Undergrad: 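Can you read through this structure? Questions will come right after.
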Amino acid sequence: MIIEDQVDLTPFNTFGLSAIAERLVRIRTQEDLLAYFQDFKTPSLVLGGGSNLLLTKDISGDVLRLEIPGIDIIDDSEDSVLLEVGAGVVWHEFVLHCIAQGWGGVENLSLIPGSVGAAPMQNIGAYGVDLSSVFDSLTAYLIADEVFEDFNNEACRFGYRESIFKKELRDKAVISSVRFRLQKHPTLNTSYGAIEAQLDSMGFADLSIKAISDAVIAIRRSKLPDPEEIGNSGSFFKNPVIDQLEFERLQREFPGIVGYPAGSRLVKVAAGWLIEKAGYKGKSFGNYGVHANQALVLVNHGGAKGSDVFNLSEEIIHTIDELFEIRLEREVNVI
Ligand code: EPU
């Protein structure tokens with residue numbers, strides 16, 4: 001465990017926002033985690049890759065950064081492999097490792113920023129696949145009970161960008177490792193329209209997990225800003241799920257509106273479309289604004305304040321409500 005005082009968190013959040021942590025505690029092992037909770041008080045914030053975070057203020061107390069490494073095979077059969085992965089492993093490095101070994105299941109989730117330990121928190125998803133489809137189980141430290149506990153798929157209560165760790169167990173559990181079941185003869189998922197088109201344009205002769213990963217990487221690079229270049233947290237808002245009849249009403253008024261079936265009589269509306277229609281796409285307010293290629297992403301052009309980005313998100317929520325009578329919800333964690 002490494003403990004530092006008065007640390008600027010700019011390098012530890014993909015939005016690139018400055019906030020001072022009174023103490024930064026870097027956790028490298030499960031034993032570190034145990035020792036921390038035995039000796040110290042409750043942390044003010046637990047950080048993974050810092051990729052789903054909007055920091056609007058300095059943080060008094062401890063910021064815990066999960067840096068537990070390791071990708072270990074714990075079960076290997078003819079068809080699949082079960083891996084135990086440390087919470088601190090960078091998600092995309094894990095994906096690349098699986099692809100290099102020929103293990104399928106996470107290729108559609110290529111290039112998602114963040115860490116493995118943070119991935120189950122919001123059940124990360126992209127291009128027709130979400131984490132819950134490869135997830136086996138995880139181990140988390142329950143702060144009040146002072147024990148490590150295993151959670152299977154059902155116990156995590158995964159939903160669209162949701163899990164028990166964002167709800168009932170918010171601030172009460174710290175994920176230390178995650179187990180994934182990957183396939184040796186995977187079924188490839190190209191159902192998401194943009195992937196097919198991208199594969200065609202890249203002229204891949206044989207479909208493979210590597211081809212899908214390359215296609216996903218190309219799509220993401222074309223639409224989503226690279227946090228190394230422009231600070232951002234990916235989708236800032238969730239796609240709202242509304243009643244089918246309400247969607248049909250909106251369709252009459254706004255014929256181009258984009259939505260996808262989301263269970264019985266429900267439609268998931270593309271929030272990016274709503275925000276673009278409201279005139280925000282590519283809009284800049286000095287050092288922050290809305291990304292030019294994907295209106296669902298708010299960006300820090302350099303030196304922005306988290307509170308400014310937050311106020312912009314409030315304005316967008318208000319405008320979308322006025323225009324479409326839809327209340328957007330933030331996907332990012334506001335601190
Ligand atoms: N659209 C617009 N204007 C925009 C953006 C989108 O009109 O500025 C419309 C387009 O019609 C497009 C449709 O919205 O076809 C869907 O856009 P896209 O495929 O980019 O997906 P999304 O619904 O905006 C979601 C996830 C992304 C994920 C993509 C691909 C959420 C909140 N976001 O975005 O996840 O990469 O699908 O699967 O569900 C993230 O969570 O950080 C993230 C990037």
Side-chain angles (χ1 to χ4, degrees), residues 2-27 36 40-67 87-88 90-91 112-122 124 143 161-163 165-167 169-175 224-238 280 284-291 294 296-317 328-335:
I2 299 172
I3 302 178
E4 296 157 86
D5 292 325
Q6 300 296 322
V7 177
D8 183 353
L9 297 176
T10 305
F12 302 114
N13 73 98
T14 60
F15 236 122
L17 297 165
S18 176
I20 307 298
E22 193 176 339
R23 294 206 319 165
L24 179 67
V25 182
R26 293 160 171 247
I27 301 290
Y36 172 82
F40 299 94
K41 47 188 191 308
T42 311
S44 306
L45 174 68
V46 178
L47 263 186
S51 62
N52 202 40
L53 194 63
L54 182 75
L55 290 168
T56 62
K57 56 179 193 301
D58 291 342
I59 296 167
S60 54
D62 295 343
V63 173
L64 228 58
R65 187 164 195 267
L66 270 289
E67 299 181 357
V90 173
W91 174 263
I112 295 185
S115 63
V116 165
M121 300 277 302
Q122 54 155 345
I124 59 168
I143 298 172
R161 295 298 194 275
E162 281 299 349
S163 76
F165 303 102
K166 265 180 104 174
K167 293 187 160 164
L169 290 181
R170 190 185 187 100
D171 300 331
K172 297 191 171 111
V174 180
I175 297 169
L224 298 166
D226 177 353
E228 297 282 326
E229 287 159 22
I230 306 176
N232 75 93
S233 281
S235 298
F236 195 93
F237 303 99
K238 290 193 208 176
Y280 281 102
S284 179
F285 301 83
N287 49 12
Y288 62 99
V290 180
H291 188 51
Q294 163 57 289
L296 202 45
V297 178
L298 303 190
V299 292
N300 168 14
H301 294 295
K305 285 205 299 226
S307 52
D308 286 338
V309 178
F310 180 79
N311 290 339
L312 171 59
S313 72
E314 287 278 271
E315 183 187 315
I316 292 174
I317 290 171
L328 289 183
E329 262 181 60
R330 291 180 190 85
E331 196 203 280
V332 299
N333 224 338
V334 179
I335 303 292

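Predicted, not measured: the structure shown is a model, and the values here were computed from it.
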Undergrad: How close do Pro227 and Pro113 get, heavy atom to heavy atom, and via which atoms?
TA: CG-CG, 4.5 Å
Undergrad: Kindly indicate whether the side chain of Leu298, heavy atoms from C-beta on, has any atom under 4.5 Å from the side chain of Ser313.
TA: yes
Undergrad: Output yes when a side-chain donor or acceptor of Ser163 lies under 3.5 Å from a complementary backbone atom of Met121, and no otherwise.
TA: yes
Undergrad: So, Ser235 side chain and Phe237 main chain: donor-acceptor pair closer than 3.5 Å or not?
TA: no
Undergrad: Taking atom OG1 of Thr56 and atom CG of Leu17, what is their separation to the nearest 0.5 Å?
TA: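 It comes to 9.0 Å.
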Undergrad: So do the side chains of Phe12 and Leu24 get within less than 4.5 Å of each other, counting heavy atoms only?
TA: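 A side-chain contact exists here, since the closest heavy-atom pair is under 4.5 Å.
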Undergrad: If every non-hydrogen atom of Asn287 is compared with every non-hydrogen atom of Gly302, which pair is closest and at what distance?
TA: CB-O, 3.2 Å
Undergrad: Using side-chain contact (heavy atoms from CB on, under 4.5 Å) as the criterion, list what pairs up with Asn52, not counting sequence neighbours.
TA: Gln122, Glu331, Val332
Undergrad: Can you tell me how the ring of Phe15 sits relative to the ring of Phe236, calling it parallel under 30°, perpendicular over 60° and tilted otherwise?
TA: perpendicular
Undergrad: Within this structure, what is the CG-CZ distance for the pair Leu64 and Arg23, rounded to the nearest 0.5 Å?
TA: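 Answer for the CG-CZ pair, Leu64 versus Arg23, is 9.5 Å.
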Undergrad: Can you name the one residue among Asp5, Asp58, Leu55 that meets side chain to side chain contact (heavy atoms under 4.5 Å, CB included) with Ile20?
TA: Asp58
Undergrad: Asn232 side chain to Pro225 main-chain N or O, any donor-acceptor pair under 3.5 Å?
TA: yes
Undergrad: Counting only heavy atoms not in Lys305, do more than 12 fall under 6.0 Å of its NZ?
TA: no
Undergrad: Considering only heavy atoms from C-beta outward, does the side chain of Leu53 approach that of Leu9 to under 4.5 Å?
TA: no
Undergrad: Just verifying a value: how many Å separate Lys57 NZ and Ile335 CD1, rounded to the nearest 0.5 Å?
TA: 6.5 Å
Undergrad: Give me the atom names and distance for the closest heavy-atom approach of Tyr280 to Glu315.
TA: OH-OE2, 2.7 Å
Undergrad: Within this structure, what is the OG1-CG distance for the pair Thr14 and Asp226, rounded to the nearest 0.5 Å?
TA: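 Output value for this atom pair is 10.0 Å.
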Undergrad: Without swapping roles, check the side chain of Lys166 against the backbone of Arg161 for a donor-acceptor pair under 3.5 Å.
TA: yes
Undergrad: For Leu54 versus Gly306, what's the shortest heavy-atom pair and its separation?
TA: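 For Leu54 and Gly306, the tightest heavy-atom pair comes out as CD2-O, 3.9 Å.
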Undergrad: Rounded to the nearest 0.5 Å, what's the gap from CG on Leu312 to CZ on Phe285? Could you check?
TA: 5.0 Å
Undergrad: Is any side-chain heavy atom of Pro43 less than 4.5 Å from a side-chain heavy atom of Tyr36?
TA: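 With C-beta onward as the side chain, the pair touches.
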Undergrad: What pair of heavy atoms forms the shortest contact from Ser51 to Gly114, and how long is it?
TA: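 Scanning both residues completely, I find the closest heavy atoms to be OG-CA, 3.3 Å.
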Undergrad: To the nearest 0.5 Å, tell me how far Leu224 CG sits from Ile112 CD1.
TA: 9.5 Å
Undergrad: Between Asn333 and Arg170, is a side chain to side chain contact (heavy atoms under 4.5 Å, CB included) present by the stated rule, with each step listed?
TA: CA-CA 11 Å; Asn333 224 338; Arg170 190 185 187 100; 2.5 Å; yes
Undergrad: Kindly write out the residues that satisfy side-chain contact (heavy atoms from CB on, under 4.5 Å) with Thr10, not counting sequence neighbours, or none if the list is empty.
TA: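 Thr10: side-chain contact (heavy atoms from CB on, under 4.5 Å) contacts with Asp8, Ser18.
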Undergrad: Please name all residues satisfying salt bridge (charged side-chain N to carboxylate O under 4.0 Å, His left out) with Arg26, sequence neighbours left out, ordered by chain then number.
TA: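 Arg26 satisfies salt bridge (charged side-chain N to carboxylate O under 4.0 Å, His left out) with Glu4, Glu67 once adjacent residues are dropped.
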Undergrad: How far apart are the closest heavy atoms of Ser44 and Gly61, and which atoms are they?
TA: OG-CA, 3.6 Å
